[in-house]
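Each residue takes its place number in the sequence, starting with 1.
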Amino acid sequence: MFTKRLIAGGLTALLIGALSACGSGESAGSSSSVGRSGASTTAPKARPTPDTVTGLRDSVRHLARQTAKGTRPHTVTKCAPATKKVQHRSSSGSGSKKKTRTWTTTEHYRKCSKVRSGTETYTRTVRAERWCVSLDDVGGDTAKDDVWYQVTRAAYDEVRIADEHARVEFAPTRSGC
């Protein structure tokens with residue numbers, strides 16, 4: 001009798017867990033597609049958080065990384081043998097019979113320093129890679145058009161595949177492009 005109750009309770013818990021995992025948490029009337037980047041291609045169900053922006057997709061822009069060749073001093077480590085005198089002390093006895101013996105030795109070591117040896121070329125970044133999105137009707141305000149935001153690569157990809165003038169929502173990394 002006890003085992004039947006235990007099995008029934010376990011199956012009930014498993015069924016509840018499976019059904020709650022399948023639920024999306026959205027009401028039946030709303031449909032939105034949200035990608036891993038957090039960009040949504042339909043109107044948000046709830047009020048957006050302060051760090052997200054909403055509007056109609058206008059255009060997207062990808063600015064590639066810009067680099068230039070530069071030169072800088074090339075340094076190498078040069079070492080030379082060196083010596084230094086070290087003083088040692090040894091004590092024996094105590095009180096008035098205490099004796100201190102002092103002697104010096106010469107220790108050998110390598111003295112190393114960085115010295116300039118010509119120049120080397122390297123690639124420096126003039127402009128980092130950027131992904132930008134332009135929105136119309138930002139935050140529902142029809143007067144705010146052509147506002148550019150810099151976004152992550154994932155948010156850029158989500159907005160890029162959205163239809164022209166589709167409502168989108170994303171969290172920009174900074175304003176302007």
* To do: Could you tell me which residues satisfy salt bridge (charged side-chain N to carboxylate O under 4.0 Å, His left out) with R72, sequence neighbours excluded, listed by chain and number?
  => E120
* **Donor-acceptor contact below 3.5 Å, side chain T173 vs main chain Q150** => yes
* Asked: How close do A155 and F170 get, heavy atom to heavy atom, and via which atoms?
  -> CB-CB, 4.4 Å
* Structure fact -> Exactly one of D145, D58, V159 clears side-chain contact (heavy atoms from CB on, under 4.5 Å) with S134, and that residue is D58
* To do: Determine the minimum heavy-atom distance between V138 and Y149, stating which atoms define it.
  => CG1-OH, 3.4 Å
* Set of residues satisfying salt bridge (charged side-chain N to carboxylate O under 4.0 Å, His left out) with respect to R174, sequence neighbours excluded -> none
* Asked: Given the rule that I, L, V, M, F, W and Y join up when any side-chain heavy atoms are under 4.5 Å apart, are V147 and V60 in one cluster?
  -> yes
* To do: Might you point out which heavy atoms bring A64 and R127 nearest each other, and give the distance in Å?
  => O-NH2, 3.0 Å
* **Residue pair T123 / K69, side-chain donor-acceptor N/O under 3.5 Å** => yes
* Structure fact -> Residues passing the side-chain contact (heavy atoms from CB on, under 4.5 Å) test with K114, sequence neighbours excluded, are T75, T77
* If you measure from CZ on R61 to CZ on R130, what distance do you get to the nearest 0.5 Å? -> 9.0 Å
* Gap between atom CG of D163 and atom CG of L56 - 0.5 Å precision -> 12.0 Å
* Just wondering, do E164 and R57 contact through their side chains at under 4.5 Å, heavy atoms? -> yes
